[in-house]
4 protein chains.
Amino acid sequence: MLVDIGYAAMTIKGIAERAGVGRQTVYRWWSTKAEILLEASVIDAAEALETPAQDDPVADLTTYLQALVDFLTTSPAGMAYRALLGEAQHDPAVQVLVGDADLLAASTAAVLDRVRASAPAMPQVGLAAAQLAGPVVTTVLTARPPWTADQLRLHAATLIKGWQ
Amino acid sequence: MLVDIGYAAMTIKGIAERAGVGRQTVYRWWSTKAEILLEASVIDAAEALETPAQDDPVADLTTYLQALVDFLTTSPAGMAYRALLGEAQHDPAVQVLVGDADLLAASTAAVLDRVRASAPAMPQVGLAAAQLAGPVVTTVLTARPPWTADQLRLHAATLIKGWQ
Amino acid sequence: MLVDIGYAAMTIKGIAERAGVGRQTVYRWWSTKAEILLEASVIDAAEALETPAQDDPVADLTTYLQALVDFLTTSPAGMAYRALLGEAQHDPAVQVLVGDADLLAASTAAVLDRVRASAPAMPQVGLAAAQLAGPVVTTVLTARPPWTADQLRLHAATLIKGWQ
Amino acid sequence: MLVDIGYAAMTIKGIAERAGVGRQTVYRWWSTKAEILLEASVIDAAEALETPAQDDPVADLTTYLQALVDFLTTSPAGMAYRALLGEAQHDPAVQVLVGDADLLAASTAAVLDRVRASAPAMPQVGLAAAQLAGPVVTTVLTARPPWTADQLRLHAATLIKGWQ
DNA sequence: TAATAATCGAGACGGTACGTCTTGTCTTCGT
DNA sequence: ACGAAGACAAGACGTACCGTCTCGATTATTA
């Protein structure tokens with residue numbers, strides 16, 4: 001529905017009608033649009049961002065970054081996550097929701113674990129995760145063209161070198 | 001007003017009343033809340049992110065990053081920018097607006113110019129800017145605690161080393 | 001419950017909860033609020049309107065009228081009857097119910113029987129009953145102050161004289 | 001609309017839609033269904049119940065009573081009045097409204113004035129008005145067949161005789 | 001005594017009206 | 001003439017109650 005008509009036009013009334021369900025039933029299970037989106041994206045995100053290990057640490061990070069870009073720009077769950085991040089800037093309650101959920105934490109932790117051996121100076125995991133994913137996420141959120149494979153590889157290389 | 005009552009409660013009706021102005025008059029000048037916010041933040045952003053040159057490239061980047069964190073987390077203009085980014089995830093028209101404006105471009109370009117000499121492998125300016133600012137921006141947008149001075153310095157150091 | 005919270009606030013849901021009973025159980029026995037009220041008032045009405053014979057026909061009618069006023073203005077069963085009459089103006093099904101029940105018929109017939117000897121020109125019982133009770137009922141239903149004892153006696157006297 | 005679909009099905013939502021008007025606009029002018037009905041019936045009532053003087057006092061009252069029966073049983077305004085009386089039994093606020101308006105007072109006062117000369121013992125106007133109209137109104141409200149012309153004349157004759 | 005049936009309370013369900021709110025447009029009226 | 005004030009049609013909001021529908025759990029009844 002988000003993909004079809006956009007977040008703004010996606011009313012709870014509409015969701016209920018589209019689902020052939022009473023409005024109260026929707027409210028019974030989720031109290032805001034944000035909760036619906038969170039539940040809809042949290043599982044798919046974990047799945048979409050699970051990438052296979054690679055021989056080369058740069059390749060490992062690059063593969064992950066590519067999956068992240070694809071998730072954010074093409075998958076419905078990624079759209080939901082972006083909408084959620086958007087809502088969080090307007091509504092403190094959603095901010096808490098988003099802060100607690102941290103959709104990317106598990107997947108970044110996994111890939112960073114794999115390259116830790118080749119990156120002895122890598123900072124604490126939260127910081128490193130932000131260094132890895134932050135530029136890509138911000139690029140997407142600020143509506144700039146998503147990075148190409150080359151740009152992703154360059155970013156991965158910079159980090160691996162910086163973490164030596 | 002954004003700071004007082006939050007973005008969601010900030011209706012165009014309310015803006016007009018608060019300004020002691022007819023609703024039509026507001027519509028005459030801006031057609032959406034987003035345009036109002038953009039105009040309210042674009043100038044202040046440039047000003048707030050203009051940082052003095054430092055001797056050391058790491059210190060130079062760190063100073064900039066600290067200004068960026070302060071802007072995003074404490075200044076009204078920064079709040080407006082975040083709200084704007086939020087709205088952009090819901091509304092394609094705002095996405096275009098945000099993409100065109102690129103509030104951070106000028107200031108990142110300036111600081112990156114100053115450290116270029118010490119960072120021979122620095123990528124093209126857009127990519128480097130994202131590497132610099134992206135992690136900080138994402139950390140703020142995802143409602144995680146903003147980085148401390150130490151963490152900012154560590155990030156700057158990683159980049160300078162990665163760009164060698 | 002009618003007395004406590006009024007007819008409008010008296011929902012079938014509320015009735016069931018107050019009775020500590022499932023909603024379905026209420027529907028099993030009565031299908032509308034009106035049926036519940038009818039059953040609640042029909043017996044009490046007969047009892048409340050049974051008045052002792054008096055020597056004087058005017059006194060006989062007056063006693064009955066006083067009982068009628070008290071029933072309509074103070075007793076729960078009277079409240080229920082008024083609510084029922086109200087509902088009948090909105091809902092044809094209740095109209096039938098009310099028409100069939102005719103809560104006052106038995107008691108007016110009894111008192112009119114007793115005064116018939118002193119009122120040779122009394123019309124057919126239905127008409128006379130309406131002449132007797134109608135003014136009092138209408139006064140109550142139109143929210144005017146209910147008649148005093150003096151006014152009731154005057155009304156009774158008018159009828160007895162008119163029926164000579 | 002009352003005539004078409006009945007009082008119960010006549011929702012404010014529906015009224016607004018049928019009038020091609022926003023819901024808020026309806027609420028701006030009237031706050032309840034009852035006020036709408038009152039306004040719709042008060043003028044028509046006065047008009048419908050204005051009857052020409054007759055030579056004979058019994059005929060005068062009978063003509064009035066016939067007009068009253070017709071008003072209550074056939075005219076839309078009469079339907080509205082009955083619905084209003086019904087609502088008054090459920091809602092104290094409407095009770096006040098109905099009590100204040102007293103739709104029949106002016107017309108009964110007029111006809112009673114005309115026959116006063118022939119009815120020296122006629123009680124105070126409010127009481128006499130109830131004696132005149134009450135039986136007819138109650139007969140209609142309790143869903144009994146409305147009185148025929150003969151029955152109306154009989155009732156008028158009883159009163160004139162009782163008021164001698 | 002154990003299996004079976006009937007009945008109950010609780011409450012979720014699809015609907016739909018409620019009265020409030022904000023939207024963007026369109027008068028009206030006073031300066 | 002301009003602009004504030006605010007009426008307007010539209011439609012989503014979240015709540016309440018409607019009457020129907022499963023649920024288990026407690027009774028009764030039967031085997």
Side-chain angles (χ1 to χ4, degrees), chain A residues 1 5-36 90-91 93, chain B residues 5-36 91 93, chain C residues 5-36 90-91 93, chain D residues 1 5-36 91 93:
Chain A
M1 190 163 182
I5 63 173
Y7 178 87
M10 182 183 145
T11 67
I12 290 195
K13 187 172 185 283
I15 292 170
E17 270 161 19
R18 181 135 159 179
V21 135
R23 211 141 21 122
Q24 193 66 208
T25 304
V26 176
Y27 283 109
R28 227 188 303 273
W29 294 98
W30 308 274
S31 43
T32 61
K33 266 198 284 184
E35 287 182 21
I36 300 177
H90 300 158
D91 181 344
Chain B
I5 62 173
Y7 178 87
M10 184 184 142
T11 67
I12 290 195
K13 186 171 184 285
I15 293 169
E17 269 161 21
R18 182 136 159 177
V21 132
R23 218 148 5 130
Q24 195 64 215
T25 306
V26 176
Y27 282 111
R28 227 187 303 278
W29 294 97
W30 308 275
S31 45
T32 62
K33 270 198 281 185
E35 288 181 20
I36 300 177
D91 182 345
Chain C
I5 61 172
Y7 178 86
M10 184 184 142
T11 66
I12 290 194
K13 187 172 184 281
I15 292 169
E17 269 160 20
R18 184 136 157 178
V21 133
R23 227 167 332 153
Q24 195 65 215
T25 306
V26 176
Y27 281 110
R28 225 186 305 276
W29 294 97
W30 308 275
S31 44
T32 62
K33 267 199 281 185
E35 287 181 20
I36 299 176
H90 300 158
D91 182 343
Chain D
M1 188 161 184
I5 62 172
Y7 178 87
M10 183 183 144
T11 67
I12 290 195
K13 187 172 185 283
I15 292 169
E17 270 161 19
R18 182 135 157 180
V21 134
R23 217 150 3 136
Q24 193 67 209
T25 303
V26 176
Y27 282 109
R28 225 187 305 274
W29 295 98
W30 308 275
S31 43
T32 60
K33 265 198 285 184
E35 288 181 21
I36 300 177
D91 182 345

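By convention in this document, chain letters (A, B, ...) are assigned in the order of the sequence lines, proteins followed by strands, and residues within each chain are numbered from 1. Just so you know, these numbers use all the heavy atoms, side chains as well, and skip hydrogens, waters and symmetry mates. Bear in mind the structure is a predicted one, so any value in this text is a computation, not a measurement.
- Counting to the nearest Å, the P atom of E:dG9 and the CD1 atom of C:Ile15 are 14 Å from each other.
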Sequence neighbours left out, cut at 3.5 Å: what donor-acceptor pairs do the side chains of residues 9-27 of chain A make with other protein atoms?
{"unit_1": "A:Thr11", "atom_1": "OG1", "unit_2": "A:Gly14", "atom_2": "N", "d": "2.8"}
{"unit_1": "A:Lys13", "atom_1": "NZ", "unit_2": "A:Glu17", "atom_2": "OE2", "d": "3.4"}
{"unit_1": "A:Arg18", "atom_1": "NH2", "unit_2": "A:Asp4", "atom_2": "OD2", "d": "3.3"}

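- Across the protein-nucleic acid pair, C:Tyr27 atom OH and E:dC8 atom C1' stand 17 Å apart, rounded to whole Å.
- C:His90 places its NE2 atom 16 Å from the C1' atom of E:dA17, with the value rounded to the nearest Å.
- The side chain to side chain donor-acceptor pair (under 3.5 Å) test applied to B:Ser31 returns B:Glu35, not counting sequence neighbours.
- Map B:Met10 and D:Ile12 each onto its nearest nucleotide of DNA chain E; the residue landing nearer the 5' end is D:Ile12.
- A:Tyr7 approaches A:Lys33 most closely through the heavy-atom pair O-NZ, 3.3 Å.
- Note: CD (D:Glu17) to C1' (F:dA12) measures 14 Å, nearest angstrom.
- For B:Thr11, counting side-chain heavy atoms from C-beta on, the closest listed nucleotide (F:dC17, E:dT23, E:dT20) is E:dT23.
- Residues C:Ala9 and A:Gly14 both approach DNA chain F. Their nearest nucleotides, taken by heavy-atom distance, put A:Gly14 toward the 5′ side.
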Atom pairs under 3.5 Å: protein N/O with N/O of nucleotides 12-16 of chain E:
{"unit_1": "E:dA12", "atom_1": "N6", "unit_2": "C:Arg23", "atom_2": "NH2", "d": "3.3"}
{"unit_1": "E:dC13", "atom_1": "OP2", "unit_2": "A:Arg28", "atom_2": "NE", "d": "2.8"}
{"unit_1": "E:dC13", "atom_1": "OP2", "unit_2": "A:Trp29", "atom_2": "NE1", "d": "3.3"}
{"unit_1": "E:dG14", "atom_1": "OP2", "unit_2": "A:Gly22", "atom_2": "N", "d": "3.2"}
{"unit_1": "E:dG14", "atom_1": "OP2", "unit_2": "A:Thr25", "atom_2": "OG1", "d": "2.9"}

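- We find that NZ of C:Lys33 is positioned 10 Å from C1' of F:dC17, with the value rounded to whole Å.
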